[in-house]
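First comes the structure, then the notes that go with it.
What you see is a predicted model, and the numbers here were worked out from it, not measured in a lab.
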2 protein chains.
Amino acid sequence: MSPTSRVDALSSIDAAAPVDRSNQADVAYDRLKRLILDGALPAGAQMLEQEAATRLNMSRTPVREAMVRLRQEGMVEIRPRHGMRVLPVSARDMAEIYEVLTALEGIAAEAVARKGIAARPLASLRAAVADMDKALEAGDLVNWAEADERFHFQLVQLSGNSRLIQMVGQLWDQAHRARMLTLQLRPTPTNSVTEHAALVDAIASGDPESARQIHEDHRRRAGKMLVELLERLGLTQL
Amino acid sequence: MSPTSRVDALSSIDAAAPVDRSNQADVAYDRLKRLILDGALPAGAQMLEQEAATRLNMSRTPVREAMVRLRQEGMVEIRPRHGMRVLPVSARDMAEIYEVLTALEGIAAEAVARKGIAARPLASLRAAVADMDKALEAGDLVNWAEADERFHFQLVQLSGNSRLIQMVGQLWDQAHRARMLTLQLRPTPTNSVTEHAALVDAIASGDPESARQIHEDHRRRAGKMLVELLERLGLTQL
DNA sequence: GACACAATTTACGTATGCATTATCAGGGAG
DNA sequence: CTCCCTGATAATGCATACGTAAATTGTGTC
């Protein structure tokens, strides 16, 4: 999974892969979102409809549709004469995001533990944990982040709750830039492997309450750390 | 956040009443959504862009934008040659919705209890509970539902978490029709007053864990009841 | 009567046109 | 030098135009 869009990751796993990218509005949506997630359009950056249309080699119509979608996802705001503006993510935003994420991923873990997990996805989760471990030992934070995302993504997918999946994805996208930018500034996530392993064990042994508790604690801790880090650094424009 | 949705239904609460509706796309969005929530466009109903445009006395352009927004909110699907189609809500959907709602409203209650609640909003919550009581004694289920919604809405608002507020609103909207349609079929919510009162007490006394627990149990029970009711009645097209 | 295929209709996706109105520059008043 | 007012500029929101492709209707064959 590339460090790009959650949505892309979704579609790569989802059975019905939308192959037919014959749709300009979708193209615009994907490309604009990619620009934002990758930081090519940083917080506060503005882009006019016509500007984006020229850049994407299409008319304003599909661009406009894409912008409306991005606005609804909380990625940008649309201001009448200034085009879309990439929303900054403040420490307060991250606190909001992680508060919700904690609850949502908590019930995802609970649901998976309750439903029981097949051998294949269980192995996949363990593999992600192993990858995190390897990346940490190699001092490769980017790979660690990738494996971490993969773990959480798979877990949520396994819940089978489409609304849960969609909402978590949206929150992840909102937090993506802040996570990436703080990756090098945050303390090394040495405990993450143990924590994830404990979660997998709780799931494997079919203990929903523990699974939820562990994951909530995990996310809450991560959120607290990130928020404090952002506040300490005075970063309010990520 | 959607300008209308849940918020407008209870606009008496919302401070900023959107008077400026000079925007056709917003008008289209509001009116189409209203049609769906009120059941004028029942599940499975289809409406072409041109059809809606004529009906709303505008061109296809703003109608199209409205439809895109409704799609992203999970209210309709858009099928290339058949316009938008109002999505049915199955028992399984309700299970999904309530699973997420339980978690989200749970942390909302927790957050409010943790932050502490001022006298005014506290009184407002108690008033909603009192209204529920009155409505129940009068055998007026519609009023009961209204007061119940108002209670939950205010509670979530008090959390101050805009993302939480938005997501809960979206889920409520999705579940709205099913709730209304089962209102007369479900057992009388005799316990609801006691449960809500207990939650208010937990919040007033600043007990986040209890508040969360109580609200989660409350929502879980309500969800379970609704899902079972829908399954029993074989209602999969609400 | 059923079915295959062609002609026609039509809904959509996108491009473009246009009136409105916010923004910005420039000049004059204080 | 600063501020206000006015006209030019430009971005938007919406309407409309248009080509494409799906759906539907009609026709002929078996």
Per the salt bridge (charged side-chain N to carboxylate O under 4.0 Å, His left out) rule, what does the pair list look like for residues 99-109 of chain B, sequence neighbours excluded? B/E105-B/R219

Taking only residues two or more places apart in sequence, or in another chain, which ones meet B/R163 in a salt bridge (Lys or Arg N to Asp or Glu O under 4.0 Å)? A/D93, A/E96

Residue set satisfying salt bridge (Lys or Arg N to Asp or Glu O under 4.0 Å) with B/R114, at least two apart, ordered chain then number -> B/E110, B/E209

Are any protein N/O atoms closer than 3.5 Å to N/O atoms in nucleotides 16-21 of chain D? If there are, list each pair with its distance.
| residue | atom | partner | partner atom | Å |
| --- | --- | --- | --- | --- |
| D/dT16 | O4 | B/T61 | OG1 | 3.3 |

Please list, in 5' to 3' order, the outermost nucleotides of DNA chain C lying under 4.0 Å from any heavy atom of chain A. C/dT14 to C/dT23

I'd like to check the side-chain contact (heavy atoms from CB on, under 4.5 Å) partners of [X]; sequence neighbours left out, ordered by chain and number.
X      : answer
B/D131 : B/K134, B/A147, B/R150
A/E49  : A/R60, A/R64, A/M67
A/L226 : A/M94, A/Y98, A/R179, A/T182
B/A45  : B/L41, B/P42, B/V86

With heavy atoms under 4.0 Å as the rule, sort B/E65 into base, sugar-phosphate or nothing. nothing

Can you check the [X] [atom1] to [N] [atom2] distance for me, whole Å?
X     : N      : atom1 : atom2 : answer
A/E49 : D/dC14 : CD    : P     : 11 Å
B/R64 : D/dA15 : CZ    : C1'   : 15 Å
A/M67 : D/dT12 : CE    : P     : 7 Å
A/L48 : D/dT9  : CG    : C1'   : 13 Å

Side chains of B/S124 and B/Q154, donor plus acceptor under 3.5 Å: yes

Under-4.0 Å side-chain N/O to phosphate OP1/OP2 contact, B/H82 with D/dA22: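 For D/dA22, OP1/OP2 do not have a side-chain N/O of B/H82 under 4.0 Å.
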
